[in-house]
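Accompanying notes for the structure given below.
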Amino acid sequence: MANLVLRNLQKSYADVHIIKDFNLAVEEGEMLVVVGPSGCGKSTLLRLIAGLEEVSGGEIFIKDKKVNRLEPKDRNIAMVFQNYALYPHMTVFNNMAYGLKRRKRPKEEIAKRVAKTASILGLEDLLDRKPHQLSGGQRQRVAMGRAIVRKPTIFLFDEPLSNLDANLRAQMRIEIRKLHQELKTTSLYVTHDQVEAMTLADRLAVLNKGQIEQIGTPAEIYQTPSSQFVAGFMGSPPMNFLNAKINDMGNAIQLHGGTLLPFHEDTIAARKGQPIVLGIRPENIVKAHKQGADRFDIDIHLVESLGAEQLIHGRFPGDKQTLVLRLPTKIKTHAVGERITLGVMPDSLHLFDPQSKLRVA
Ligand code: ADP
Ligand code: MG
């Protein structure tokens, strides 16, 4: 059963449409992540679901009950924000207990639920502290505790980790994933961070300008992006896009320099001689030891050393097009100005229509 259903949801401010005819079903116990660039409508979406904004059109169902007109407090949703919004004058215990107190739960029940939540989150020793006596990670954990303690039907997460430094973010990501595995509360998590999205999601929806471009498992989205937008957004460094064409035989992709990358698929036979956008991920490009019809050269113009691997930025000789590839450092380090010969891994090519920007194969 879907726990949260959004049907033809719309939101506009004045005559600017922020959320356009949005449809989504989040299944019971699922962690669904909505990922998209800043300003694409993620927070607006969550605020509509939480009841902090009024919808301009469409319906919101929680457990089959239409909640459009319900007050936020009656929707049994808990939201975790980027800025933790803890009460500064209250202890950790009281911050976590606040929602239950307001709902007039018995004292013993509150004490028990806060203690249980604190132990799940490793906050037992901090219950008497005030927020200013906590680190950023601890504060974020309290904010989550406050949400968990209420046993809501649905968790909404609005970029909860974006104020933390990189190490802490990676650590909290793992904690949220573990927590979800333990609690199995239906969750909708929005972020602009694609690593967070890939690692946390059971299913992933890629949002572009208030509309879902693609929805699927992280692996599906990564391996078969449905559009150039999705392909370019998911993956770091992003997928390379090259202007190419289908050869006259209809069995290979021809790069500007004449390189022919064999491509055996019926989908391209109908596009003989036509332009195509070729997508290759940086990790799918390999060094070649000798020249060949399916090899190409690039001139290195920048090298980023990441320790275990290096990102090589190159340019095609006699062409303005550039390419980024990822190579292990242990084989050989490369230098600016070097010319190297490359090939691509079989079955790693993505093709997009130059006009519609949609996936061809
Ligand atoms: P995201 O969370 O994906 O970064 P938001 O949902 O915060 O994006 O905002 C989406 C768009 O809606 C932005 O262009 C923003 O300027 C606009 N917006 C958000 N809230 C309001 C508002 N109260 N009035 C007018 N425009 C708004
Ligand atoms: Mg936002």
Side-chain angles (χ1 to χ4, degrees), residues 4-24 26 31-60 62 67-69 71-72 75 77-86 136 139-140 143-144 146-147 152 154-166 168-169 172-173 176 186-201 203-216 218 221 225-236 238:
L4 170 67
V5 174
L6 308 177
R7 200 174 290 159
N8 307 118
L9 199 62
Q10 294 170 36
K11 179 66 181 174
S12 15
Y13 293 109
D15 51 2
V16 184
H17 301 291
I18 307 294
I19 302 289
K20 304 161 197 158
D21 199 24
F22 195 92
N23 291 283
L24 182 68
V26 187
M31 166 77 85
L32 194 136
V33 179
V34 173
V35 64
S38 188
C40 71
K42 302 182 295 296
S43 296
T44 304
L45 182 68
L46 294 194
R47 293 172 60 79
L48 291 173
I49 298 167
L52 303 172
E53 297 274 353
E54 212 172 309
V55 306
S56 309
E59 296 163 307
I60 303 169
I62 296 175
V67 300
N68 285 39
R69 305 222 160 273
E71 291 291 317
R75 297 191 185 192
I77 285 175
M79 193 153 163
V80 183
F81 301 92
Q82 169 181 357
N83 53 351
Y84 337 104
L86 299 177
R139 271 179 233 165
Q140 190 51 274
M144 270 189 291
R146 197 174 43 181
I154 295 165
F155 281 136
L156 302 178
F157 293 95
D158 192 353
E159 315 219 26
L161 307 184
S162 41
N163 278 351
L164 306 177
D165 65 52
L168 199 51
R169 207 154 61 215
M172 290 296 286
R173 208 163 65 209
I176 292 181
T186 307
S187 303
L188 184 59
Y189 188 113
V190 306
T191 178
H192 70 278
D193 182 320
Q194 39 118 356
V195 177
E196 224 168 278
M198 290 289 291
T199 52
L200 280 174
R203 269 192 313 154
L204 193 56
V206 183
L207 196 61
N208 183 17
K209 296 186 187 135
Q211 274 175 319
I212 294 181
E213 285 257 337
Q214 187 175 7
I215 185 163
I221 303 264
S226 64
S227 66
Q228 220 177 308
F229 175 83
V230 174
F233 191 72
M234 302 303 292
S236 174

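Whatever order the structure lists ligands and atoms in, that order sets their numbers, starting from 1. Residues take their numbers from the sequence shown, with the count starting at 1. None of the values given here were measured: they were computed from a predicted structure. Quick note: numbers below take in every heavy atom, side chains included, and nothing from hydrogens, waters or symmetry partners.
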> If only atom types and distance count, is the side chain of K11 paired as donor or acceptor with the main-chain N or O of E54 below 3.5 Å?
Replying inline: yes
> Of E196, M144, Q82, which is the lone residue that meets side-chain contact (heavy atoms from CB on, under 4.5 Å) with F157?
Replying inline: M144
> Does the pair I19 and Q10 meet the rule for a side-chain contact (heavy atoms from CB on, under 4.5 Å), with working shown?
Replying inline: CA-CA 5 Å; I19 302 289; Q10 294 170 36; 5.7 Å; no
>> On a heavy-atom basis, which atom in G216 and which in I221 lie closest, and how many Å separate them?
In response: N-CD1, 3.7 Å
> Does any N/O atom on E53 come nearer than 3.5 Å to any N/O atom on ligand 1?
Replying inline: no
> Is there a donor-acceptor contact under 3.5 Å from the side chain of T191 to the main chain of A197?
Replying inline: no
>> Among all protein heavy atoms in this structure, tell me which lies nearest to atom 8 (O) of ligand 1, with the distance rounded to 0.1 Å.
In response: G41 N, 3.3 Å
> Under 4.0 angstrom from atom 26 (N) of ligand 1, is there any protein heavy atom?
Replying inline: yes
> Counting distance only, does the side-chain N/O of N208 pair as donor-acceptor with the main-chain N or O of E213 below 3.5 Å?
Replying inline: no
> Got a sec: is S43 within less than 2.8 Å of the Mg ion (ligand 2) via an N/O/S atom?
Replying inline: yes
> Is atom 15 (C) of ligand 1 in close reach of the protein, with a heavy atom under 4.0 Å away?
Replying inline: no
>> Just to confirm my output: which protein heavy-atom neighbour is closest to atom 21 (C) of ligand 1, and how far is it?
In response: Y13 CE1, 3.2 Å
> Would you say K209 has more than 12 foreign heavy atoms packed within less than 6.0 Å of its NZ?
Replying inline: no
>> For atom 10 (C) of ligand 1, what is the closest protein heavy atom, and at what distance to 0.1 Å?
In response: G39 O, 3.4 Å
> Which one holds for I18 and ligand 1: side chain close, backbone close, both close, or neither close, with close meaning a heavy atom under 4.0 Å?
Replying inline: side chain
> Hey, which atoms in ligand 1 end up nearer than 4.0 Å to a heavy atom of S38?
Replying inline: 4 (O)
> Hey, does S43 come in under 3.5 Å of ligand 1, counting only N/O atoms on both sides?
Replying inline: yes
>> For atom 9 (O) of ligand 1, what's the nearest protein heavy-atom neighbour? Residue, atom name and distance, please.
In response: T44 OG1, 3.7 Å
> Within the distance-only criterion (no hydrogens, no angle test), does the side chain of K42 pair as donor or acceptor with the backbone N or O of G36 below 3.5 angstrom?
Replying inline: yes
